[in-house]
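Accompanying notes for the structure given below.
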Amino acid sequence: MLASGSCDYTIRIWKWRVGVCLYVLEDHENWVRSVSWSPEGNKLASASWDRTIRLWDVAGDSCECFAVLRGHEEGVRSVSWSHDGSKLVSGGGDNSIKVWDSSDGMCLRTLREHDDQVWFVSWSPDGTKLASGSFDRTIRVWDSSSMTCLTVLHGHSGWVRCAAWSSNSQGGGTRLASASWDQTIRVWYDPSWDLDAEAAAASHGRSGGELIESHTADVRHLSWAPNGTKLTTESADKTILWDAVQGSCVAMLEGKGTEEKSVTWSPDGTKLACQSDDSTILLYLSSNGQRYAVLDAHEARIRCVAWSPSGGELASGSDDTTLRLWNASDGSCLAVLAGHTAGVRSVSWSRDGGRLASGGEDRTIRLWHASSELFPWSSDVPSEERCFGELTGHTDMVRFLSWSPDGSRLASGSGGDNNIYLWDSQRCALVRLCGGPPDRDGFVSWASDGEKFACRSTGRTIRMWDSANGMFLEELSDSDLTRDWFEHVVPVGGQRVSEEFHEGNLVPFLSNSAEVPRVSPSGEQLVQLRNNVVHLMTKRSVEELNMQ
């Protein structure tokens, strides 16, 4: 579901895939400035210019207001849940930040250190810090346990509009990127924000280095490189590539940012693919921002882009119903794969790069040979020869696909039909419908041996299945975990995962744009990416959790 607040004093809750309004909430008496879902997804907080925060129970066939939080002396601009759902924090026009107990609505703390209206409040990915931005042109970073101010960040010459955290330790440690009405973005860093303070101090201290000074419109998307050393920013005027360590502009990339994020990093972070509104893909080198190829063969909007595991090829799906394969080195079109009868909405490479799966608005999945050894790259090879399977059964467009490590299984989902579909890719047959429902992103991850797979589901849970027969194994919820666990474990709580989970080295993710639960390549850890932070569950931490 999707929630929206409006200047007509109402909140609307939508079934967003079909555009149907489920509820209209009319209790507020002024402009609704902010809405925020609880971690479990069954409660909603709304902040209004009528000086109140309302909590709504969104479950079943009803949506009822169960608490009204009063205390702000002026309108409330922002509200946000803590990661464990036990607290709410709000920022208001009375220059204050208030911390609330979500269970009884009691105000726990009031922070009055800003000198003007508080525009936003944002929890760090690990839940240990809170950032607030204000009309006073500053950002304050708070310890979320003691609610003491850790630092004040000065540098913006305009109101601070929004901020995004990044906690990748490479290139200098934890960073906070902020966007302002002064049309700049700044990246901030302080050694005290990093777990490895000694190593961080050896790098450089808090920085207010101005990262952007040439946007003329609001910045809509921030996208970190896989190693955290570079950053792209997208707005209605342009897309810009920045060195996040030095705080310098690398290049201005052609094309304008849209409501949907359009930048995709290659697995090694050396290249960028930028989707454009004019049905093209622009390829750039991330080292200097030089454009080296334009992929312009599609005839309609491009809906999905995926790099091959090697980074040597790129696949794109479009509303023109085709899937195209590109040489990522020179941008030449290697193949055109036709067969879908409606737009292509998802694409996924097998781990060995030899096969592709594409999902479409026609509710089908097509499996393709993508190996040049089997079929030389040539437009003379008909699509029918490359396609070795068509999978049918979905009742809604196929939005995500994920191959097992050995390529023998494929998991797919749409969100709309409330199931994960498990397929035998060799027999092109359905193994089992695995109950969900998956969340709107629905990313699936596999154990390295392929014997289990996990998917993030609605309600912020992770569900696990046996990949051989599709039998459900267990469901893990993050609601029982406290903030102290976020530095060491995946916030999934619940029961023991399996006896073979134990401590080990974490293999970094090559994706940083969504919340993706995955099993590490060793099969010994269950990890989840949240707002650019990887959280890890080990056998030891799960045992300790079970003992509580």
Notebook entry, point to check: Distance-only, no hydrogens or angles: does the H83 side chain make a donor-acceptor pair with backbone N or O of S124 under 3.5 Å?
Noted result: yes

Next item on the list: With sequence neighbours excluded, tell me which residues meet salt bridge (Lys or Arg N to Asp or Glu O under 4.0 Å) with R109.
Entry: none

Notebook entry, point to check: Is the closest side-chain heavy-atom distance between L253 and L282 below 4.5 Å?
Noted result: no

Note to self: Donor-acceptor check, side chain of R54 to backbone of V68, threshold 3.5 angstrom: yes or no?
What the structure shows: no

Notebook entry, point to check: I97 versus H114: any side-chain heavy-atom pair under 4.5 Å?
Noted result: yes

Checklist line | salt bridge (Lys or Arg N to Asp or Glu O under 4.0 Å): pairs with one or both residues in residues 85-103, sequence neighbours excluded | finding: none

Next item on the list: Go through W56 and S46 one step at a time and tell me if the side-chain hydrogen bond (donor to acceptor under 3.5 Å, both in side chains) criterion holds.
Entry: CA-CA 8 Å; W56 309 83; S46 59; 2.9 Å; yes

Item checked: Residues, nucleotides or ligands: over 12 heavy atoms within 6.0 Å of E74 CD -> yes

Next item on the list: Please tell me if the side chains of V76 and R33 come closer than 4.5 Å, counting only heavy atoms from C-beta onward.
Entry: no

Check: Counting only N and O atoms by type, is there a donor-acceptor contact under 3.5 Å from the side chain of S80 to the main-chain atoms of V89?
Finding: no

Notebook entry, point to check: Which class fits the ring pair W159 and F135: parallel under 30°, tilted 30 to 60°, perpendicular over 60°?
Noted result: parallel

Margin query: Ignoring hydrogens, what is the shortest heavy-atom contact between H72 and G92? Give both atom names and the distance.
Written below: CE1-N, 3.8 Å

Checklist line | Check: S86 main-chain N/O paired with S102 side-chain donor or acceptor under 3.5 Å | finding: yes

Notebook entry, point to check: How far does CE of M106 sit from CG of L69, to the nearest 0.5 angstrom?
Noted result: 10.5 Å

Next item on the list: Measure the spacing between OG of S180 and CZ of R137 and express it to the nearest 0.5 Å.
Entry: 8.5 Å

Margin query: Once side-chain hydrogen bond (donor to acceptor under 3.5 Å, both in side chains) is applied, do any residues pair with S82, and if so which ones, sequence neighbours excluded?
Written below: D84

Item checked: Which residues share a salt bridge (Lys or Arg N to Asp or Glu O under 4.0 Å) with E113, sequence neighbours left out -> R140

Next item on the list: Look up atom CG in D27 and atom OG1 in T52, then write down how far apart they are to the nearest 0.5 Å.
Entry: 9.0 Å

Next item on the list: Indicate yes or no: at least one non-hydrogen side-chain atom of F453 is less than 4.5 angstrom from one of C434.
Entry: yes

Next item on the list: Applying salt bridge (Lys or Arg N to Asp or Glu O under 4.0 Å), name anything that partners D50, two or more places apart in sequence or on another chain.
Entry: none

Next item on the list: For C304, check side-chain contact (heavy atoms from CB on, under 4.5 Å) against everything at least two apart and list the hits.
Entry: V344, V347

Check: Which atom pair, heavy atoms only, marks the closest approach of W123 to S144?
Finding: CZ3-CB, 3.5 Å

Checklist line | A45 backbone acceptor or donor facing S36 side chain under 3.5 Å | finding: no

Notebook entry, point to check: Which residues pass the side-chain hydrogen bond (donor to acceptor under 3.5 Å, both in side chains) test with R77, sequence neighbours left out?
Noted result: Q117

Next item on the list: Considering non-hydrogen atoms only, spot the tightest contact between Q275 and R303 and give its length.
Entry: NE2-C, 4.5 Å

Next item on the list: For F120, enumerate each residue passing the ring-ring contact (aromatic ring centres under 6.0 Å, His included) test, keeping only those at least two apart in sequence or located in another chain.
Entry: none

Next item on the list: Report the residues that fulfil side-chain contact (heavy atoms from CB on, under 4.5 Å) with S346, sequence neighbours left out, ordered by chain and then residue number.
Entry: V398, L401

Check: In Å and rounded to the nearest 0.5 Å, what is the OG1 to NE2 distance from T138 to H156?
Finding: 10.0 Å

Margin query: W142: which residues meet the side-chain hydrogen bond (donor to acceptor under 3.5 Å, both in side chains) condition with it, sequence neighbours left out?
Written below: S132

Next item on the list: Would you check, one step at a time, whether the test side-chain hydrogen bond (donor to acceptor under 3.5 Å, both in side chains) holds for W14 with S4?
Entry: CA-CA 8 Å; W14 310 80; S4 60; 2.9 Å; yes

Note to self: So L25 and V32, do their side chains get closer than 4.5 Å, heavy atoms only?
What the structure shows: no

Notebook entry, point to check: Looking only at heavy atoms, what is the nearest atom pair of V250 and S286, with distance?
Noted result: CG1-O, 4.1 Å

Note to self: Which residues pass the salt bridge (Lys or Arg N to Asp or Glu O under 4.0 Å) test with R12, not counting sequence neighbours?
What the structure shows: none

Notebook entry, point to check: Run the side chain to side chain contact (heavy atoms under 4.5 Å, CB included) check on L22 and V58 step by step: do they pass?
Noted result: CA-CA 11 Å; L22 301 177; V58 185; over 6 Å; no

Item checked: Distance (rounded to the nearest 0.5 Å) between D8 CG and E26 CD -> 8.5 Å

Checklist line | Minimum heavy-atom distance C21-Y23, with the two atoms named | finding: SG-O, 3.4 Å

Note to self: So does G85 get a backbone contact from the side chain of S38, meaning a donor-acceptor N/O pair under 3.5 Å?
What the structure shows: no

Notebook entry, point to check: Roughly how far apart are L153 CG and S178 OG, rounded to 0.5 Å?
Noted result: 7.5 Å

Checklist line | Note, F400 side chain near I420 side chain (heavy atom, < 4.5 Å) | finding: yes

Checklist line | Closest contact, heavy atoms only, W31 versus Y9 | finding: N-CD2, 3.4 Å

Item checked: Non-neighbouring partners of N95 that pass side-chain hydrogen bond (donor to acceptor under 3.5 Å, both in side chains), sequence neighbours left out -> none

Check: If you measure only the distance, is there a donor-acceptor pair under 3.5 Å linking the side chains of W100 and S90?
Finding: yes

Note to self: Main chain of N30, side chain of S48: is a donor-acceptor contact present, judged purely on distance under 3.5 Å?
What the structure shows: yes

